[in-house]
Amino acid sequence: MVCTMAFLRALLRTARMVRHSSPLSAGPAADDAVLLDAPDERLSPALVAAALGDHEPAAKLLATTRDAADWENRDRYLDRLVAFARNRDGWLVDWLAAAPRDPDALLVKAELSVRRAWESPARAERLREVAPLITAAADADPRDPVPWRLALDHARGTHATHTAFESLWEQAVRRSAHHYGCHVAALRYLSAAWYGSHRECFDFAEQAAEDARPDSLVQALPVRAAFALLLDSQAAGRSTSVLEERIDAAADLAIRLSAAYRPGDPWPAEVRNLLAYVLLARGRWAEALHQFHLIGQHATSFPWSSVSDDALGRFLDARDGARLQAASLTSLRNRADHGRPRGHYA
């Protein structure tokens, strides 16, 4: 299936239309201090309780995000709860038994089922079988964009046509015009690995970032497109020279986004980890090292798990590499300055 520019324009046009209409509703941490995907103070008690078989804190957490229409955190917390449930789902089974129509329980069930289907050799067939679970989660709370993000991921795996995907996209952005997860799902659909190309990814990501608020994580879409290109080019042994200006522009935009948040903030941690990877790939050592300073102890699986089975080890190695390269460049500059004539007033 070849992604057409008409389809790309349709996705962006729909998002713009919805945005203008009324909605439906410090320095690097020590190695042993760095934590991979560390939960925040709201998620941590829910995970601890789930480990003990108690679903109530997780239910309360997701209900709070739904009541507050806090869709970004809702998606993040869902991701972590489902990751835990993949190996220990007794608490979810009990939750569904106690409240089979709970919108939050239905959402966790749908996400978990989709992830398990993605792991199956018969992926497309298994995904089609779990489609009713996504519909049930979406119907449980019509305001919620997160089931529609899940529907977009599902559509990619079932080889949905552009028309079908565009219809789901419209429903998603109608509920939350700047929802980061929905935009990431669309970017994946447009990727060279699926139904588009690197250029189409950049076109979509750059336009979406231009339309987004300055502090929105959607501003990080271009650097995600850059990462996908770098990863694909490295695997195939191809040059990225044709799109290097767009890669650097994406990194510059992500640097400005990162600067809008305080050092050590867990909210932009994944964006900062991704940005550090891209900066390292571009040989921008000092800027990469600065991002590691801002990351602090908040290492994230993405992007490091994409290039290594040991995500934390790869993060620490990358940080050490940035430190050494930046120090080496500083030393070279100092030696050059030392040998330069300084003039009368130096």
Side-chain angles (χ1 to χ4, degrees), residues 1-25 66 69 71-72 74-75 78-79 103 106-107 109-111 113-115 117-118 123-197 199-212 216-218 221 224-225 228:
M1 182 186 302
V2 178
C3 184
T4 65
M5 289 304 295
F7 174 61
L8 173 63
R9 288 193 293 270
L11 295 185
L12 291 166
R13 183 172 61 251
T14 300
R16 285 202 204 101
M17 288 172 60
V18 170
R19 289 182 190 113
H20 291 91
S21 62
S22 57
L24 296 180
S25 59
R66 181 163 46 86
W71 308 127
E72 298 289 1
R74 181 173 177 78
D75 210 359
L78 173 69
D79 176 75
L106 289 173
L107 182 60
K109 179 182 179 180
E111 176 81 28
S113 299
V114 167
R115 290 198 193 183
W118 268 92
R123 176 193 297 162
E125 181 180 348
R126 287 287 310 279
L127 283 172
R128 292 188 185 97
E129 291 173 357
V130 303
L133 300 179
I134 302 174
T135 301
D139 290 345
D141 189 339
R143 304 171 305 142
D144 188 357
V146 180
W148 295 95
R149 187 273 302 157
L150 181 54
L152 292 170
D153 286 334
H154 179 269
R156 176 166 52 92
T158 54
H159 312 297
T161 65
H162 294 341
T163 300
F165 192 91
E166 185 182 341
S167 177
L168 295 172
W169 170 253
E170 180 180 2
Q171 294 294 329
V173 296
R174 187 176 296 280
R175 286 158 174 79
S176 181
H178 300 282
H179 189 267
Y180 180 58
C182 289
H183 280 77
V184 170
L187 193 71
R188 286 172 174 157
Y189 185 90
L190 290 165
S191 71
W194 289 91
Y195 309 118
S197 68
R199 289 186 183 278
E200 287 165 325
C201 265
F202 272 107
D203 289 345
F204 174 79
E206 289 165 357
Q207 189 61 66
E210 183 177 327
D211 292 342
S216 169
L217 293 185
V218 174
L221 282 185
R224 288 190 74 108

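Note that the coordinates shown come from a computational prediction; the quantities given were computed from them, not determined experimentally.
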Any donor-acceptor N or O pair under 3.5 Å, side chains D203, Q207: no
Applying salt bridge (Lys or Arg N to Asp or Glu O under 4.0 Å), name anything that partners [X], two or more places apart in sequence or on another chain.
X    : answer
D79  : R115
D75  : R149
E125 : none

Taking only residues two or more places apart in sequence, or in another chain, which ones meet [X] in a side chain to side chain donor-acceptor pair (under 3.5 Å)?
X    : answer
D141 : R143
R66  : D104
E206 : R246

For [X] and [Y], which heavy atoms make the closest approach, and how far apart are they?
X    : Y    : value
A110 : A137 : CB-CB, 4.3 Å
A208 : H183 : CB-CD2, 3.9 Å
A225 : A205 : CB-CB, 4.3 Å
E72  : G181 : OE1-N, 4.3 Å
A186 : F204 : CB-CZ, 3.7 Å

Geometric class of the Y189/Y195 ring pair [parallel <30°, tilted 30-60°, perpendicular >60°]: tilted
How many angstroms lie between atom [atom1] of [X] and atom [atom2] of [Y], to the nearest 0.5 angstrom?
X    : Y    : atom1 : atom2 : answer
D144 : W71  : CG    : CH2   : 4.5 Å
L150 : E111 : CG    : CD    : 5.0 Å
Q171 : L152 : CD    : CG    : 10.5 Å
T158 : E129 : OG1   : CD    : 12.5 Å
Y180 : L187 : OH    : CG    : 9.0 Å

[X]: which residues meet the side-chain contact (heavy atoms from CB on, under 4.5 Å) condition with it, sequence neighbours left out?
X    : result
A155 : A160, F165, L168
A131 : H154
A192 : H198
S216 : H178, A212, R213, V218

Pair W148-I134, side-chain contact (heavy atoms from CB on, under 4.5 Å): steps then yes or no: CA-CA 8 Å; W148 295 95; I134 302 174; over 6 Å; no
Heavy-atom side-chain contact between V146 and R175 under 4.5 Å: no
All pairs passing salt bridge (charged side-chain N to carboxylate O under 4.0 Å, His left out) where residues 181-194 contributes a residue, at least two apart: none
L133/L106 under side-chain contact (heavy atoms from CB on, under 4.5 Å): CA gap, chis, key distance, verdict: CA-CA 7 Å; L133 300 179; L106 289 173; over 6 Å; no
